[in-house]
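What follows is a single structure, written as structure tokens, with notes after it.
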Amino acid sequence: MMQDQPAAAITEVRVTPVAFADPPLLNAVGVHEPWALRSIVELVTDSGEYGLGESYGDAVHVQRLRKVGAELVGLDAFDIARLRIAATETLAHDTLTGGHGTSGMVTGTTDLDRVFAPLEVAALDVQGKLLNVPVTTLLGGRHRESIPFSGYLFYKWAGHPGDGRTPDTAEADGFGTALDPEGIVAQAEWMVERYGFTALKLKGGVFDPHQEASAIEALAARFPGIPLRLDPNAAWTVETSIEIGRRLGGTLEYLEDPTAGFAGMAEVRGQVPMPLATNMCVVAFDHLPPAVAAGSIDIVLSDHHFWGGLRRSQELAGIADTFGLGLSMHSNSHLGVSLAAMLHFAAAARNIDYACDTHWPWKQSDDDVVEGSPFTFAGGSIAVPSAPGLGVTLDRDRLARLNRAYEDCGLTARDDTTYMRRFQPAFSPSIPRF
Ligand code: GKR
Ligand code: MG
């Protein structure tokens, strides 16, 4: 029967863990290790065409991806509902623990949404290639042709210590040191000069909150009128959040996750002048009703990697719109397959009202798994690919090189805290810290 024939039967799902060099970026749970871990999904169909997805690289997550991927063989790459059922059934018997990929910072995400996301993106990529349309067309079309990103600023050491050195004596990498407001302004100047960003976000939760507020004020003085955000990843108490929020009234476009939990965020929100955004207190669909009921947030940061893929992210966009929440986009260290997917979603989401986050400037340009250099920033924005599917092609030599880096680097899970403790043994990621 015609309708029983898969339009594009899945013949194989390959999952390749990869690693790429990452600078020592500081955050509330520690510091980035020398290697960022990712996984690349190839979903191959009987036509010979393949689709690509990208996700976290923790070994447990890779194991789950492979387990679910194996169950998709024989199914139709066009039947995303059926693929999700298979993923749900497979993970119902999952006994693995961990594998969230975010170093303890964002752990309330669901295994199913995290695992299904790159598989769904790969299915959409292959659908687009077979139909000769970009993924945005499959998502209902484009509201914009290019996507503005914010320059993502981090406190950082000069370089990774290594060879018995300490953070203070580390050999400098090409990004420079940023441990105070002056360092952050210099970093912002470099980013704005190089990429043309028209919004800036500072990752906080690292130093005394007043030092971080001073960094924001220094940025405001150096870049008058530029939208600024500060994200301490819930490292602050409610009291500190209110104090700093009031200090930065009129300076911040939004304050991201100043403190933890629905109640704490709601209390802060009632007493600071700027909107509150989150990628910590609302990271799954069942977090939305309590957050809306408590009045915890103004803006939800989408991230297809943990919201279950591009279509589920569209559902999130609809819910945000319905409840009057703004929509922005969160990021973790990522490669070009993820960037392509982020661009397609941001183009298709009518209500993305803010410049999106990306860690892109922090990686070396030829550290990637896609062919060539398909993404160029112009005025802080990147054009949405228009070639079929995601619009990127797998470079097998690069994939093999980054896979070797994964095998050789010895890391099997992102763990910013353990790495930090090599240099500061008493470091604690417990929150609130300030
Ligand atoms: O890369 O260190 C980092 C960030 O802190 C990241 O892990 C967060 O998930 O960027 C993120 C955020 O907005 O919270
Ligand atoms: Mg955040």
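Just follow the structure's listing: the first ligand is 1, and inside any ligand the first atom is 1.
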Legend entry - Mutual orientation of the aromatic rings belonging to Tyr419 and Phe423 [parallel < 30°, tilted 30-60°, perpendicular > 60°]: perpendicular
Inset, instruction - Could you tell me whether Asn279 approaches ligand 1 through its side chain, its backbone, both or neither, with non-hydrogen atoms closer than 4.0 Å? - result: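 The part of Asn279 near ligand 1 is the side chain, not the backbone.
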Inset, instruction - Kindly compute the distance separating OG (Ser302) from CE (Met329), expressed to the nearest 0.5 Å. - result: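 Between atom OG of Ser302 and atom CE of Met329 there are 4.5 Å.
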Can you pull out the closest protein heavy atom to [atom]? Residue, atom name and distance to 0.1 Å, please.
atom	result
atom 3 (C) of ligand 1	His32 NE2, 3.1 Å
atom 10 (O) of ligand 1	Tyr152 OH, 2.3 Å
atom 9 (O) of ligand 1	His330 NE2, 2.8 Å
atom 14 (O) of ligand 1	Asn233 ND2, 2.7 Å
atom 6 (C) of ligand 1	Asn332 ND2, 3.1 Å
atom 4 (C) of ligand 1	Lys203 CE, 3.6 Å

Inset, instruction - Please verify whether a non-hydrogen atom of Met280 lies at under 4.0 Å from ligand 1. - result: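 No.
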Inset, instruction - Apply the ring-ring contact (aromatic ring centres under 6.0 Å, His included) test between Trp360 and each candidate in Phe149, Phe375, Phe20; give the one that qualifies. - result: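 So the option named by the test is Phe375.
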Inset, instruction - Using the ring-ring contact (aromatic ring centres under 6.0 Å, His included) rule, pick out the option among His100, His330, His287 that qualifies with Phe306. - result: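 Single ring-ring contact (aromatic ring centres under 6.0 Å, His included) partner of Phe306 among His100, His330, His287: His330.
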Lys/Arg-Asp/Glu bridge criterion (N-O < 4.0 Å) met for [X], [Y]:
X	Y	value
Arg247	Glu212	no
Lys201	Glu256	yes
Arg401	Asp367	yes

Legend entry - Heteroatom distance test (Asp357, ligand 1): nitrogen or oxygen, under 3.5 angstrom: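 Between Asp357 and ligand 1, no N or O pair is found under 3.5 Å apart.
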Inset, instruction - Before signing off on this row, confirm whether Lys201 and ligand 1 have an N or O atom pair separated by under 3.5 Å. - result: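 Yes, there is a polar N/O contact under 3.5 Å.
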Legend entry - N, O or S atom of Asn279 closer to the Mg ion (ligand 2) than 2.8 Å: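 Under 2.8 Å: Asn279 contacts the Mg ion (ligand 2) through an N, O or S atom.
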Inset, instruction - Give a yes/no answer: is there an N/O/S atom of Asp231 under 2.8 Å from the Mg ion (ligand 2)? - result: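 Here the distance criterion (N, O or S atom, under 2.8 Å) is met by Asp231, so yes.
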Inset, instruction - Answer yes or no: is there a donor N or O on one side and an acceptor on the other, between the side chain of Glu54 and the main chain of Leu335, under 3.5 Å? - result: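 Confirmed, Glu54 side chain pairs with Leu335 backbone.
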Which ligand 1 atoms does [X] reach within 4.0 Å, using its non-hydrogen atoms?
X	result
Arg414	1 (O), 2 (O), 3 (C), 7 (O)
Asp231	12 (C), 13 (O), 14 (O)
Ser331	10 (O), 11 (C)

Legend entry - Over 12 foreign heavy atoms within 6.0 Å of CZ, Arg194: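 No, not enclosed.
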Inset, instruction - Begin from the C-alpha positions of Asn279 and Asp303 and carry the test side chain to side chain donor-acceptor pair (under 3.5 Å) through to its verdict. - result: CA-CA 8 Å; Asn279 62 269; Asp303 182 335; over 6 Å; no
Legend entry - Atom of Glu256 closest to the Mg ion (ligand 2), considering N, O or S atoms: OE2
